[in-house]
Structures are given as structure tokens and as C-alpha cells.
Amino acid sequence: MLKFKEVLYQLGLTEQKSAKLSITLEVDANPPKGFKIETSLITRHFVFAITHFDISSLYALKLHACFFRKYTKGRDFYDLLWYLGRKAVPNFKLLNNAIEQTEKKKLNINANNFREFLQEHLAKIDFNQVKRDISRFIEDKNELKLLDKATILKLV
């Protein structure tokens, strides 16, 4: 965990001098195979390049978190809405490898059966729990209405 004092204030991102920026770094020593990386140039406030997973790989790992995490995390489904809104396509190879790595089963999810995969797995989700978990982080409570099975399926 890296913590930075006053940096948000110095960058003009907050008027509260006491606000802190905290960054948690998590390292997966055995990531599933099939991810793709890209490099982005950041030019806001500072100029630097960062290497990261591409959006399709991030989407695949978010899907894995949504449906195979051992507990329900509201933020996962909030993030899922973001990917759907961007019309992202998941990295199916990475998604399948992640499922095989953690669940020890091969699902062979692809563009043709993705909607069925979502229907099956969304049926197991308690969206009331999702909303309870995320609600404290949502400023506009109307956004909570978007966190349901029907809305997600409409966006696919």
C-alpha cells in the first residue's frame, strides 16, 4: 500500500489539503495465460508511459471476478456496466483460462455463447446484495437501478 499526502491537493484535484491518495498494488505471480498488454502515454500533470492489460483482457478478468469470486462484490458489477457501456469485447481466451485455473473446468465461452453464459451466471447473483454492497460509494442513488439482470442483458 502506497500512501501520498497532499498530492491530490497539489494537483488541484481537491480543496482538502488533508486528502490522501492511497494505491494498493497486487501482484499475481501466476496469472492465467492469454492476456494482452499495451502501452499508454499519460500526459496529464506528468508525462509518463504505463504498460497495462488491454481493455479486452481487463473485461475478461472483471467477468471472472463477477461470477467466480467467492463472495459478491458490488463494485464488480458496477464496473461490468462500464465495460458494457463501452461495447467492449472480452478476451475469451483469457476468460476461459482464468476459469480453468480457478474452477478446474473448461467452459469454452466465445462470442456465440457469451449471452447464454451471462444469462446462466446472472441468474445466480443476488442483485439486492450487489446494491447493498456498492450503495455507500454511489453519489447518485438512481444509478443503483441499473444494477440488475435485465439491464445487463439488454446491454450485451
Side-chain angles (χ1 to χ4, degrees), residues 1-99 101-102 109 111 114 117-118 121-122 125-156:
M1 171 75 84
L2 304 171
K3 294 181 182 181
F4 301 91
K5 295 179 181 177
E6 297 184 15
V7 71
L8 296 173
Y9 175 77
Q10 291 170 355
L11 293 173
L13 299 174
T14 183
E15 294 180 7
Q16 298 175 351
K17 196 169 187 178
S18 63
K20 297 175 187 158
L21 171 65
S22 298
I23 300 173
T24 302
L25 297 175
E26 296 179 20
V27 178
D28 186 346
N30 186 27
K33 303 222 183 302
F35 60 84
K36 296 176 185 171
I37 59 170
E38 59 187 32
T39 301
S40 295
L41 183 64
I42 308 298
T43 59
R44 185 172 181 196
H45 302 292
F46 303 99
V47 177
F48 61 97
I50 185 167
T51 301
H52 54 87
F53 283 178
D54 72 341
I55 194 167
S56 67
S57 297
L58 291 169
Y59 185 17
L61 295 175
K62 183 54 65 178
L63 288 163
H64 182 261
C66 283
F67 302 120
F68 299 98
R69 190 186 296 272
K70 301 302 179 208
Y71 57 93
T72 300
K73 195 169 185 178
R75 189 182 76 212
D76 288 334
F77 290 91
Y78 189 85
D79 292 348
L80 177 60
L81 290 175
W82 183 86
Y83 285 103
L84 292 169
R86 294 200 44 143
K87 304 282 188 217
V89 175
N91 176 337
F92 291 114
K93 180 178 181 179
L94 178 59
L95 176 58
N96 286 305
N97 287 342
I99 293 167
Q101 184 179 44
T102 61
I109 304 161
F114 181 55
F117 164 81
L118 282 178
H121 285 81
L122 286 169
I125 302 301
D126 178 355
F127 280 96
N128 289 323
Q129 171 61 29
V130 168
K131 291 173 187 177
R132 277 192 305 274
D133 187 60
I134 192 75
S135 66
R136 63 189 164 132
F137 301 108
I138 304 293
E139 288 183 28
D140 182 355
K141 301 302 182 201
N142 287 318
E143 291 181 17
L144 294 172
K145 296 174 189 171
L146 300 172
L147 290 166
D148 68 32
K149 177 183 170 182
T151 301
I152 292 171
L153 286 173
K154 282 180 192 174
L155 293 171
V156 175

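Within 6.0 Å of CZ in R75 there are 12 or fewer heavy atoms belonging to other residues, nucleotides or ligands. Within a 6.0 Å sphere centred on NZ of K141, heavy atoms belonging to other residues, nucleotides or ligands number more than 12. F48 CZ: more than 12 foreign heavy atoms inside a 6.0 Å radius. When the shell of 6.0 Å around CZ of F127 is examined, it contains more than 12 heavy atoms from other residues, nucleotides or ligands.
You'll find the side chain of I99 stays beyond 4.5 Å of the side chain of F67, heavy atoms only. Here the side chains of N30 and Q101 are in contact, with some heavy-atom distance below 4.5 Å. The closest side-chain heavy-atom distance from F114 to L63 is below 4.5 Å.
In this pair, F35 and F53 present their aromatic rings parallel. The plane angle is below 30°, not in the 30 to 60° band. The aromatic rings of H121 and F117 sit tilted relative to each other, their planes meeting at an angle between 30° and 60°.
Atom CG in L21 sits 11.5 Å away from atom OG1 in T14 (nearest 0.5 Å). Taking NZ of K154 as the reference point, atom CG of L146 lies at 10.5 Å (rounded to 0.5 Å). In this structure, L94 CG and L61 CG are separated by 4.5 Å, a value rounded to the nearest 0.5 Å. In this structure, the separation between CG on D148 and CG on N128 is 10.0 Å, given to the nearest 0.5 Å. Summarising the geometry, atom NZ belonging to K17 is positioned 5.0 Å from atom CD belonging to E6; distances are rounded to the nearest 0.5 Å. Summarising the geometry, atom CD1 belonging to I152 is positioned 6.5 Å from atom CZ belonging to F77; distances are rounded to the nearest 0.5 Å.
Among all heavy-atom pairs drawn from A88 and Y59, the shortest one is O-CE2, 3.3 Å. In this structure, K62 and L80 approach most closely via the heavy-atom pair CG-N, 4.3 Å. Residues V89 and S56 approach most closely at O-CB, 3.1 Å, considering heavy atoms. Summarising the geometry of H64 relative to L95, their closest heavy-atom pair is N-CD1, 3.9 Å, with the distance given to 0.1 Å. Residues P31 and A29 come closest through the heavy atom pair CD-C, 3.6 Å. Residue S57 comes nearest to N91 through the heavy atom pair OG-ND2, 3.1 Å, listed as atom of the first residue, atom of the second, then distance.
With a 6.0 Å cutoff to the six-membered ring centre and a 45° limit on the axis angle, R86 does not count as a cation-pi contact of Y83.
A donor-acceptor contact shorter than 3.5 Å links the side chain of N97 to the backbone of K33. Of the possible polar contacts, none joining the T72 side chain to the V130 backbone as a donor-acceptor pair under 3.5 Å is found. Put simply, the side chain of N96 gets close to the backbone of I109: a donor and an acceptor are under 3.5 Å apart.
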Quiz item: Should R44 and L11 be marked as a side-chain contact (heavy atoms from CB on, under 4.5 Å) after you check the CA-CA gap, both sets of side-chain angles, and the distance that decides it?
Solution: CA-CA 10 Å; R44 185 172 181 196; L11 293 173; over 6 Å; no
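Donor-acceptor pairing under 3.5 Å is recorded for the side chains of K145 and N142.
Ring centroids of F137 and Y78 are separated by 6.0 Å or more, keeping the two rings apart.
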